[in-house]
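For reference, the structure is listed below as structure tokens.
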Amino acid sequence: MNYLADIRSRFARALAPLIDDPAPLVAMVHPAQDAKFGDYQANCAMPLAKALKKPPRDVAAEIISRLDIADLCDPPEIAGPGFINLRLKDSVLAADTARLVGDERLGIEPVAAPKKYIVDFSAPNIAKPMHVGHLRSTVIGDSLCRILRFVGHEVLSDNHIGDWGTQFGMVIYGYRNFLDQENFDQNPVEELARLYRLVHQIAGYQGAVVELPQLRARLSEKETAAKSMSEAAEQASGPEKKDLNRKAGKLRDEVAGVREEIAGAEDKIAKVESNPAFKALCDAHPRIADRAREETAKLHAGDEANRALWEQFMPICQAALDEMYRRMGIAFDLTLGESFYNPMLAGVVDDLVRRGIAVESDGAMCVFQEGKKAPFLIRKSDGAFTYATTDLATIKYRVETLKADAALYVVGAPQAEHFELLFATAKKWGYHLDCRHISFGSVLDENRQMFRTRSGGTVGLESLLDEAVTRARQIVDANHEEGELDDSARQVIAEIVGLGAIKYADLKHNRESDYVFSWDKMLAMTGDTGTYMQYACARVGGIFRKGETTRAAVRKSATGSADDIRFTHPAERALAMQIHRFGEVLAEVLVDFRPSPLTAWLYETANAFSTFYTHCKVKDEPDDAVRKSRYLLCDLTASALEKGLELLGIQVREQM
RNA sequence: GCGCCCGUAGCUCAGCUGGAUAGAGCAACGGAUUUCUAAUCCGUCGGUCGGAGGUUCGAAUCCUCCCGGGCGUACCA
């Protein structure tokens, strides 16, 4: 049941005789922006008045006269310039609320035409530990899977892991040259990660040594250019002066940028050279990046030794990822990484060339799109395939083998252009999959700069989760007397509260916006946080515990008729209304695959409950019918919050 | 140079396809607990919606220009 959809269809019927295409006007029926305007508002009388050349309030009156809605709402009111305000009849709301009792789906009908969705998310590079940058894709992707499934679609979650790239060459090189066998035997994942970091660091140092003179040369070049531009600006006047000043300013910015790069390179070099042993290690392994690339190339070419190492390392790395996903409550139906598509890549390129879609340019095989300067590069001049090739093979596989209707790519915004080219190329190629890039903003540091793996400032995902759980545990301990909850119960609560805080903090942002990472904001447990909803559920739990009844018993006593639900205080009605908005919110989420409206609804629902909680006693309410009604509202609130949180991948406990 | 995105309260952000006095949370300040968990509730303070034009009965929202910031821009994925 969805009141908004119902009211809109009634408006469609009322508007049909008045205008050729009522759809845009029908879309102007919304939930009321303020409770004092009622439950729903229609803003369509004003534009219609213009088309009909009549006063808007008269048009509003005419719409109302044609509107068949008396069974659902109180008589509509015209307000201001011609807003039509609607308020649901209390009897209707009470009856519909009573009907929700015990309904697992909270009145949400499954979609009429289910589709098969592939949701492609998380996609970490194997052999590299996950960090906060992986959080958004993982959490948003998981939530979208849950929501799509709940509304009745068929969903395959797919982790397109990076298991075939340069980082594996680094690990192989490290394994051959720097292995600590004892450490590897005890903790292979940690040792492989150490080897990766070590090779990466040596490569970074060597790169910096090579780059530094070039950077210094560029600096003096830019400085000279900036100086002469400033001087030229001094000489000039009028609009020319302004323009030259702007250019000089840009050049000064570039100078500052190069200075930063130099500082970064010097830092890398200083770190190594202050440690003679490490310096010797670097010198003993010259051009390590090239040598790691050679290992990668050998792996791709089918070298048996490297292939054997890859097969040895893969399950180890996968197990580490699995543990992280298990802890986060995230499950994949498929984990088809880059290596899975490797055997198909040559065929992809051949096919595109044969059809004349791909052409050679500067030795590389490219697909060019009209209006786009950048090519889609499917084979490099050295013969190696790129992730573009892999992504094309993936689409083919998803269409032909998985029989998917649609694919959601939950990947950061910087890759927007890649996906535009990918989807356009796939279309030319003849694979019609409804592909959508579910883009999200970058994780920024406190200076609003992008987190960069090389700048070293990243926060590991595991330490983030641990910190959240530790903070949650402190709050649990502070809120309970000794003996009130045992240690294991406290730890379970800390885990779900900590993880819930992190997931909620991420999901409540509009996914398109960038994300300023802050430990305190990410781990906050007061205000608009996951904890707030979990706490509301725990308070419901407390009501039933202290009331010495159970949710099941209360449901059993319900008759399902309007008489079950009584509105004796505004907070009761507001709470019931809020629960009924669930369907509207899910529809809104799925328009653009944005989970944030769902977090907003959860907060509003928990907030409505908190208000109810302070004003309406349940256990001690003397009137039997009212008390029963309140118990039912509590049960429904908990069901609504639990379901909404579940769709975000957040758990609850009856006590916390 | 070209392309894409962003600029809303001290901070972090909502604001749906143009609608009523621009909303939350945090922070600050003031209240609320003999009664179901105060991880709460109620209130106060706080905004030239980056700037200027334009379209409109009506603009944070749409268009143009400007300022400021970010990202991408052929052999990394």
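Here is how names work: the chains are called A, B, and so on, in the same order as the sequence lines, proteins then strands, and each is numbered from 1.
- Whole-Å rounding puts the A/Arg653 CZ to B/U37 P distance at 18 Å.
- Listed candidates were B/A20, B/A14, B/A74. Nearest to the side chain of A/Asp362 is B/A74.
- At a threshold of 4.0 Å, the pair A/Lys503-A/Asp506 does not count as salt-bridged, since none of the basic side-chain nitrogens sits closer than that to a carboxylate oxygen.
- The partner of B/U44 is B/A28, judged by Watson-Crick or G-U wobble contacts that both fall below 3.5 Å.
- Computed from coordinates, the A/Leu421 CG to B/G3 P distance equals 15 Å when rounded to whole Å.
- With rounding to whole Å, A/Arg539 atom CZ is found 13 Å from B/U35 atom C1'.
- Residues A/Arg581 and A/Glu604 are not paired through a salt bridge, judged by the lack of any N-O separation under 4.0 Å between the basic side chain and the carboxylate.
- Rounded to an integer number of Å, the gap from A/His480 NE2 to B/A38 C1' is 13 Å.
- B/G18 and B/C36 are spaced 46 Å apart, taking the C1' atom of each and rounding to whole Å.
- Taking only side-chain nitrogens and oxygens, A/Tyr603 comes nearer than 4.0 Å to OP1 or OP2 of B/G25.
- Taking only side-chain atoms of A/Tyr613, from C-beta outward, the nucleotide of B/U12, B/U40, B/C36 with the closest atom is B/C36.
- Under the Watson-Crick or G-U wobble criterion, with both distances below 3.5 Å, B/C65 is paired with B/G51.
- When distances run from any side-chain atom of A/Lys372 to the nucleotides B/G19, B/G3, B/C57, the shortest one goes to B/G3.
- Among the nucleotides B/U37, B/G19, B/G25, the one closest to the side chain of A/Met28 is B/G19.
- Partner assigned to B/U35 is none, using Watson-Crick or G-U wobble distances below 3.5 angstrom.
- When heavy atoms are screened at a 4.0 angstrom cut-off, A/Ala413 is found touching no nucleic acid atom at all.
- Distances shown here put every side-chain N or O of A/Asn607 at or beyond 4.0 Å from the OP1 or OP2 atom of B/U40.
- The phosphate of B/A74 (OP1 or OP2) has no side-chain N or O of A/Arg379 nearer than 4.0 angstrom.
- Within 4.0 Å of A/Gln415, counting heavy atoms only, lies at least one base atom of the nucleic acid.
- Searching all strands for a Watson-Crick or G-U wobble partner of B/C4 with both distances below 3.5 Å returns B/G70.
- In terms of heavy-atom proximity, A/Leu377 sits nearest to A/Thr386 at O-OG1, 2.7 Å.
- Which of B/A74, B/C36, B/U40 sits closest to the side chain of A/Tyr535 comes down to B/U40.
- Salt-bridge annotation for A/Asp620 and A/Arg630: absent, with no side-chain N of the basic residue lying under 4.0 Å from a carboxylate O of the acidic one.
- Base contact: A/Gln41 has a heavy atom under 4.0 Å from a base atom.
- Among B/U40, B/C36, B/C13, the nucleotide with an atom closest to any side-chain atom of A/Val618 is B/C36.
- Minimum atom distance to the side chain of A/Lys617 is reached by B/C36, of the listed B/A39, B/C36, B/C13.
- Looking at which nucleotide of RNA chain B each of A/Tyr387 and A/Glu417 is closest to, the 5′-most match is held by A/Glu417.
- Contact annotation: A/Asn510 side-chain N/O to B/G15 OP1/OP2 distance is under 4.0 Å.
- As judged by a 4.0 angstrom heavy-atom cut-off over every strand, A/Thr614 is placed among residues touching the sugar-phosphate backbone only.
- The two residues A/Gln33 and A/Gln41 have their closest heavy-atom pair at N-OE1, 3.3 Å.
- An OP1 or OP2 oxygen of B/G23 is reached within less than 4.0 angstrom by no side-chain nitrogen or oxygen of A/Gln33.
- A stacking contact links A/Phe37 to B/A20: the aromatic ring centre lies within less than 5.5 Å of the base's six-membered ring centre, and the planes differ by less than 30°.
- Annotation: the span from A/Phe423 atom CZ to A/Tyr409 atom OH amounts to 5.5 Å, rounded to 0.5 Å.
- Each of A/Arg87, A/Arg8, A/His30, A/Glu584 was checked for a side-chain hydrogen bond (donor to acceptor under 3.5 Å, both in side chains) with A/Tyr40, and the lone residue meeting it is A/Glu584.
- By the stacking rule of 5.5 Å between ring centres and under 30° between planes, A/Tyr532 does not stack on the base of B/A39.
- Within the 4.0 angstrom heavy-atom criterion, base atoms lie near A/Gln655.
- Heavy atoms of A/Pro375 sit under 4.0 angstrom from at least one base atom.
- Within the nucleic acid shown, A/Ala538 comes within 4.0 Å of at least one base atom, counting heavy atoms only.
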